Amino acid sequence: MGLLSSLRPHRRGSSGGAQAQWQWSFLDAVWAVFLVAVVVFLALVFTPRRGDTLAAPAGAVVPPCAASEVDLLPCEDPRRSSRLSREMNYYRERHCPARGEASACLVPPPPGYRVPVPWPESLHKIWHDNMPYGKIAERKGHQGWMKQEGSYFLFPGGGTMFPDGAEQYIEKLTKYVPLKSGLLRTGLDMGCGVASFGGFLLKENITALSFAPRDSHKSQIQFALERGIPAFLLMLGTRRLPFPAQSFDFVHCSRCLIPFTAYNGSYLIEVDRLLRPGGYLIISGPPVQWKKQEKEWSELQAMAQSLCYKLITVDGNTAIWKKPNQASCLPNQNEFGLDLCSTGDDPDEA
């Protein structure tokens, strides 16, 4: 029986020519309820909602943003952040405008914008006019971050701790961390710059999610995204990072300048929450064997030991630890007062 015929009421004649009686089958009732539900759903979807402050009236033209607002990030506005506390970098975290305060305007592309350079070529170069900001090239060009050449920005693949290139740096790490074995799939690159480290890991089938705060190099994440590398604005401050527990196979910091042992080790504890059992913590740069940071380096080693992390190597200014595979060794006697979280603490809440 077809759809239309099944919706027809059935007629049953009685003896003696009595008036026909109508009878609905169970399937007919189901189809009727279904059709009513579809009508209600469509009405809800296409009915304008009240209180949507960003919705433009029917037929209205949304104006373009002012030139001064083109690079404004509503939740990363320095005008708001400058009034907030600097304790634990609270002012660098996300602080969004109240409802109705955000600008309702369209962000135009920069003059001369072109279709982005396709991947994988974009790992090495992007159009200058798509990201016309040369401050990083001027300040960090000597470290291999990026440089301008004609109508392009070029990315040699370097970083502050690996000016000779990410590929060479990755080869160095591979002696201690199985980055090319297929065992590691996800990583978190903290304080990533223009994310060359994460970009060059993609060919190893590793997705390294890179993040950095909005700071004096405010366009660094924009460059990473224009290159096609997963990255976003984020600050390790007063709140947990927005990931569930045990999300990453390794955490990497190349001169990220995060004070891991400060505030009773809050930042190292957050790294521990994010690392999977058997995962790797890689720190290149301060405080690892860094002049005038001997105390911080000693504290970092002691705290990692309190968490039962195994120190795999200290190679120059690079230190690598491995998180234990088994359950946490806490509680134990340690100078930092580290202990297990209460049973009421949700490790995935962030």
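Keep in mind the model is a prediction, meaning the values are calculated, not measured. Basis for what follows: all heavy atoms, side chains included, without hydrogens, waters or symmetry-related copies.
- The minimum heavy-atom distance linking L274 with P244 is given by the pair CD2-O, 3.8 Å.
- By the criterion of side-chain heavy atoms lying less than 4.5 angstrom apart, applied directly or through intervening Ile, Leu, Val, Met, Phe, Trp or Tyr residues, M235 is not grouped with L209; the two fall into different hydrophobic clusters.
- To the nearest 0.5 Å, atom OG1 of residue T174 and atom OH of residue Y169 are 10.5 Å apart.
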In sequence, state the C-alpha distance, the side-chain angles, and the governing distance for Y176 and T318, and then conclude on side-chain hydrogen bond (donor to acceptor under 3.5 Å, both in side chains).
CA-CA 11 Å; Y176 315 106; T318 299; over 6 Å; no
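- Residue pairs meeting the salt bridge (Lys or Arg N to Asp or Glu O under 4.0 Å) criterion with at least one member in residues 333-350, sequence neighbours excluded, are R240-D345.
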Would W321 and I283 count as a side-chain contact (heavy atoms from CB on, under 4.5 Å) if you check the C-alpha gap in whole Å, the side-chain angles of each, and the deciding distance to 0.1 Å?
CA-CA 9 Å; W321 290 267; I283 299 179; 3.9 Å; yes
Decide side-chain contact (heavy atoms from CB on, under 4.5 Å) for L184 and L179; before the verdict, give the C-alpha distance in whole Å, the side-chain angles of both, and the deciding distance to 0.1 Å.
CA-CA 6 Å; L184 306 184; L179 293 172; 3.9 Å; yes
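- Between the side chain of T207 and the backbone N or O of T186 there is no donor-acceptor pair closer than 3.5 Å.
- The two residues P78 and R214 come nearest to each other via the heavy atoms CG-NE, 3.6 Å.
- For the pair Q246/P277, a side-chain contact is recorded, criterion being any heavy-atom separation below 4.5 Å from C-beta on.
- Residues passing the side-chain contact (heavy atoms from CB on, under 4.5 Å) test with E149 are K147, L154, sequence neighbours excluded.
- For the pair M146/Q220, no side-chain contact is recorded, criterion being any heavy-atom separation below 4.5 Å from C-beta on.
- Between V177 and the options L281, I170, I320, a side-chain contact (heavy atoms from CB on, under 4.5 Å) holds for only I320.
- In plain terms, the two heavy atoms of W119 and G228 that are nearest each other are CZ3-O, 4.2 Å.
- When atom types are taken as modelled, the side chain of E76 and the backbone of L233 share no donor-acceptor pair closer than 3.5 angstrom.
- No donor-acceptor pair under 3.5 Å is formed between the side chain of S196 and the backbone N or O of F155.
- In the hydrophobic cluster analysis, where Ile, Leu, Val, Met, Phe, Trp and Tyr join through side-chain heavy atoms closer than 4.5 angstrom, L188 is grouped apart from F197.
- Taking 4.5 Å as the limit, every side-chain heavy atom of S284 sits out of range of all side-chain heavy atoms of F162.
- Between T313 and K175 there is no side-chain heavy-atom pair separated by less than 4.5 Å.
- A donor-acceptor contact shorter than 3.5 Å links the side chain of S85 to the backbone of E87.
- Inter-residue side-chain proximity for Y280 and P178 is flagged as met; some heavy-atom pair is nearer than 4.5 Å.
- The environment of R86 atom CZ is sparse: at most 12 non-hydrogen atoms of other residues, nucleotides or ligands sit within 6.0 angstrom.
- In this structure, C253 SG and I282 CD1 are separated by 10.5 Å, a value rounded to the nearest 0.5 Å.
- Relative orientation of the F243 and F232 rings is perpendicular, given thresholds of 30° and 60° on the angle between their planes.
- With a 4.5 Å cut-off on side-chain heavy atoms, F250 and L173 do not count as touching.
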Between K322 and I312, does the side-chain contact (heavy atoms from CB on, under 4.5 Å) criterion hold? Intermediate values first, please.
CA-CA 7 Å; K322 186 173 184 180; I312 295 176; 3.7 Å; yes
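- Heavy atoms from other residues, nucleotides or ligands lying under 6.0 Å from CD of E294 number more than 12.
- N89 CG to L84 CG: the interatomic distance, rounded to the nearest 0.5 Å, is 12.0 Å.
- Residue pairs meeting the salt bridge (Lys or Arg N to Asp or Glu O under 4.0 Å) criterion with at least one member in residues 241-267, sequence neighbours excluded, are R185-D249, D249-R276.
- Taking OG of S254 as the start and CG of D189 as the end, the distance is 7.5 Å to the nearest 0.5 Å.
- Listed for the S266 side chain is no donor-acceptor partner under 3.5 Å among the backbone atoms of A262.
- Closest approach of V117 to Y152, counting heavy atoms only: CG2-CE2, 4.2 Å.
- Applying the salt bridge (Lys or Arg N to Asp or Glu O under 4.0 Å) test to residues at least two apart or on different chains, the pairs with a partner in residues 257-272 are E270-R273, D272-K323.
- Side-chain atoms of L236 and L241, non-hydrogen and from C-beta on, do get closer than 4.5 Å to each other.
- Residues forming a side-chain contact (heavy atoms from CB on, under 4.5 Å) with R79 (at least two apart in sequence, or on another chain): E69, L72, D77.
- L225 is not connected to M190 by any chain of hydrophobic side-chain contacts under 4.5 Å among Ile, Leu, Val, Met, Phe, Trp and Tyr, and they are in different clusters.
- A donor-acceptor pair under 3.5 Å is absent between the side-chain atoms of Q148 and the main chain of A137, judged by distance alone.
- Scanning both residues, L330 and S306, for their nearest heavy atoms gives CD2-O, 3.9 Å.
- What you find for R80 and H95 is that their closest heavy atoms are NH1-O, 3.1 Å.
- A continuous path of Ile, Leu, Val, Met, Phe, Trp and Tyr side chains, each step under 4.5 Å between heavy atoms, connects I229 with L201, placing both in one hydrophobic cluster.
- When hydrophobic clusters are built by joining Ile, Leu, Val, Met, Phe, Trp and Tyr residues whose side-chain heavy atoms come closer than 4.5 Å, directly or via intermediates, I221 is grouped together with L73.
- To the nearest 0.5 Å, the span separating CG on L268 from CD1 on I258 amounts to 10.5 Å.
- Considering CE of M303 and CD of Q301, their distance stands at 12.5 Å, rounded to 0.5 Å.
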Can T160 and W145 be said to form a side-chain contact (heavy atoms from CB on, under 4.5 Å), step by step?
CA-CA 8 Å; T160 303; W145 282 40; 3.4 Å; yes
For a quick test of your reading: what N or O donor-acceptor pairs under 3.5 Å do the side chains of residues 121-131 make, sequence neighbours left out?
unit_1 : atom_1 : unit_2 : atom_2 : d
E121   : OE2    : K125   : NZ     : 3.1
S122   : OG     : R227   : O      : 2.6
W127   : NE1    : V115   : O      : 3.2
N130   : OD1    : R114   : N      : 2.9
N130   : ND2    : R114   : O      : 2.9
N130   : ND2    : E226   : OE2    : 3.0

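- The closest side-chain heavy-atom distance from Y309 to L275 is below 4.5 Å.
- Between the side chain of S298 and the backbone N or O of K295, no donor-acceptor pair lies under 3.5 Å.
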